[in-house]
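Worksheet: the structure to be examined is printed underneath.
Quick caveat: nothing in here was measured; it's all calculated off a predicted structure. Just so it is clear: chains get the letters A, B, ... in the order the sequence lines come, proteins before strands, and each one is counted from 1.
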Protein chains: 2
Amino acid sequence: MGRATLQTIADRVGVSRATASNAFSRPDQLSASLRATILAAAEELGYTGPDPTARMLARGTTGAVGVLLPESLRHAFTDEVLTAFLGAVADALAPTGLALTLLPPSGAGDAAPARDVPMDGALVCSCEPGSPPVDRLVRRGIPLVLVDQPAAADAAVVHVDDRQGARRAAQHLLDLGHRSVGVLTVGVDDGPRLLTPARAKDAVTGHVARERLRGWLDVLRPAGVRMTVAGQSRAYEDASPAARLLLDVEDPPTAVLCFSDAMAADLVRTAGQLGIRIPTDLSVVGFDDSPLARRLQPALTTVRQDVDAKGRAAAAALQSAIEQSRAGRPGPVPQVVLPAELVVRGTTTPPARSA
Amino acid sequence: MGRATLQTIADRVGVSRATASNAFSRPDQLSASLRATILAAAEELGYTGPDPTARMLARGTTGAVGVLLPESLRHAFTDEVLTAFLGAVADALAPTGLALTLLPPSGAGDAAPARDVPMDGALVCSCEPGSPPVDRLVRRGIPLVLVDQPAAADAAVVHVDDRQGARRAAQHLLDLGHRSVGVLTVGVDDGPRLLTPARAKDAVTGHVARERLRGWLDVLRPAGVRMTVAGQSRAYEDASPAARLLLDVEDPPTAVLCFSDAMAADLVRTAGQLGIRIPTDLSVVGFDDSPLARRLQPALTTVRQDVDAKGRAAAAALQSAIEQSRAGRPGPVPQVVLPAELVVRGTTTPPARSA
DNA sequence: GGTGAGTTCTCAACCGGTACAGAAGCCATC
DNA sequence: GATGGCTTCTGTACCGGTTGAGAACTCACC
């Protein structure tokens, strides 16, 4: 005989299956004594409570929310910024008892369609809108919260004002007097290479990368600053090669704007290898204000985003989206935009006179 | 009308529900032309494929594995060692397309019984065996892999030889000539306080903490070394108060063995505040060899565990456990024990003569 | 024309619960 | 003694698929 089910217990005690179910799920629907009898029988038969899957099907609710990530699952545990964000989400979701299901991005292209996992709602983190996995979720009609993505019709959006943050970073360099600025970005699919500022906007993929780049250009181009743009494919790749493209040249820029603190750290290291002193010879600005920024020597000037607040906002938006969907009414879709502030530390100074 | 189901489509096309199901799940069971017709009808009706929940129930397989964590979910994203471990697990599991469900520890005591989530198997990470959530999983008969826990009857176990690693660390101090050694541990529930070495073994909870403590004692007690033990409750708490108990005394030890690199870092900082120079006045040994160990100045002597290997081993064990359970045969339960090696860096030297 | 092997599709029994609409019994009330 | 309102339990129709056992049909071959 197989595993015990509600029916097994009902037969054993001599009650209906509905009553057995109630003993577990709606204690107020039967007398305490009968309930005790049923629970005892269950214990004896090795029954460990209603099968979660069957309950999910019958109730239409799963008790878990999904998190769709842009790249490999590993990414969720290695990227300091993403990690902090997910931690905040987990924290905010803790009181609800919801489990967090990390969805593997369906393999490259559309191969390995990543088995569908049931969930009450999902967080979509900086994925390309319209990509197959996102599209599946949208079409499944699951309550969604888009994080770090352009606004969409039906889903709540939480993101940081990356463009404004980037503008502030660029303005800071401008104010210091820099007239030759390098840019280190991601989202350039064909390996580390240099781009012309004019072409860069189109060559870069990824919402966040595009927004930051736009912000920099907003300020630097009208000011007539000389710009060099180096791009690499992924954020988690070592940025040294791209940094070299920027710095190991005849007439290197006097300052560099980086897509992330991690890339800024790589650039700082590369500069050191090339005998370029920071900030004397080169000013560097990071992005995110991750813990790394303060560990650097000197501490990194960067653009702070409040990852914790982003996580809390995303969790809250997801909860309310789920609630609304459960209630049947479409409700308004919130749009949360968080500020990005410049944090001036030790890696930026006016350019050396010689330049 | 509600959402489209297989029946809706079957009716529309004029075939049986089974055939509609086959169009999605067993393409070889029907003619290509009919399949195309069905798929077209599905598209038109806005059907996005079989409901994952219903499929799970019918097939008895979920496509997700659970991860049960010792403390809050947030913990999974803040602890550098745990994070690296989970990253490795995620990586190793990637080819299978399995999703990773992070299970919230059921609230303190047994309140908030953390809704049951269906899963094909689970990783139980350094949880107390016999605790309610673990017990539930065991009784549910789910394939389990215990990580950093004592061996159990029915489940595979993956852990590091913490005791041996701890012995090596202690021996290292002994070889250097230290005769007065402090110990900084976790698992002491009633706040930061000093323990007598004799009582420590019983006062400490948590398998890993106990093993490491045992390893230290194995070496230090027979050698007649003078020992001071300071313990705090949780690994993620600031270790400065406990460090102070150890160092801010009349005759502080000449070396300290720490439960983790993070705690070692706190201790190093505290020592600095007290005017104790490292390693001149005080030798420090960490544990784990997390990235932090190399960031410290001077770099931390520590005990390396290969977290990556641990993750891979856990993932492999879980996969085979699931496979075996699926096949019905109980099969052998693997026991993987990974080595822990001493890494000598800059925080350990012979004790100053004056002592 | 009968036989056996393939293909293509249908039947109906699951998978293991949930929840709503009563039915039965009991007690108080008018 | 009929009425009404509880509480407690049962019947049954879902939830939305999957799957093995056939039925019907086609085709090749002797």
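- Rounded to whole Å, atom C1' of dG16(D) lies 12 Å from atom CE of Met56(A).
- Using a 4.0 Å cut-off between charged nitrogen and carboxylate oxygen, Asp11(A) and Arg17(A) do not count as a salt-bridge pair.
- Look at CZ on Arg17(A): it is 9 Å from C1' on dT12(D), rounded to the nearest Å.
- Base engagement by Ser21(B) is indicated by at least one non-hydrogen atom pair under 4.0 Å involving a base atom.
- Taking atom CD of residue Gln7(A) and atom C1' of nucleotide dT12(D), one finds them 13 Å apart after rounding to whole Å.
- As a whole-Å value, the separation of Arg59(B) CZ from dC14(C) C1' is 15 Å.
- Within 4.0 Å (heavy atoms only), Thr53(A) reaches no atom of the nucleic acid at all.
- Among the nucleotides dT18(D), dG16(D), dT18(C), the one closest to the side chain of Ser25(A) is dT18(C).
- Across the protein-nucleic acid pair, Asn22(A) atom CG and dT8(D) atom P stand 12 Å apart, rounded to whole Å.
- Within residues 26-43 of chain B, the residues that have a heavy atom under 4.0 Å from DNA chain D are, in order of number, Arg26(B).
- Comparing atom distances between the Thr19(A) side chain and each of dC9(C), dC15(C), dT10(D) picks out dT10(D) as nearest.
- For Ala18(B) and Leu57(B), each mapped to the nucleotide of DNA chain C holding its nearest heavy atom, the one lying further toward the 5' end belongs to Ala18(B).
- For Ser16(B), the side-chain atoms get nearest to dT10(C) when compared with the rest of dT18(C), dT10(C), dC15(C).
- dG16(C) atom C1' lies 6 Å from atom CG of Asp51(A), rounded to whole Å.
- Annotation: side chain of Asp91(B) is not in contact with side chain of Leu73(A) (no heavy-atom distance under 4.5 Å).
- Counting non-hydrogen atoms under 4.0 angstrom, Phe24(B) reaches nothing in the nucleic acid.
- Between the CD1 atom in Ile142(B) and the CG atom in Leu318(B) there is a gap of 10.5 Å [rounded to 0.5 Å].
- Nearest nucleotide to the Ala54(B) side chain, out of dT10(D), dG16(C), dG16(D): dG16(D).
- Distance alone, capped at 3.5 Å, places no donor-acceptor pair between the Gln335(B) side chain and the Ala151(B) backbone.
- Regarding Leu6(B), its CG atom lies at a distance of 19 Å from the P atom of dC15(C), rounded to whole Å.
- Pairs engaging residues 95-105 of chain B under the salt bridge (charged side-chain N to carboxylate O under 4.0 Å, His left out) rule: none recorded [sequence neighbours left out].
- Distance CZ (Arg3(A)) to P (dC14(C)): 16 Å, rounded to an integer number of Å.
- A parallel orientation is assigned to the rings of Phe77(A) and Phe77(B), their planes being inclined by less than 30° (bins at 30° and 60°).
- Results of the side chain to side chain contact (heavy atoms under 4.5 Å, CB included) test with Met119(B) over Leu103(B), Thr101(B), Ile322(B) single out Leu103(B) as the only residue that passes.
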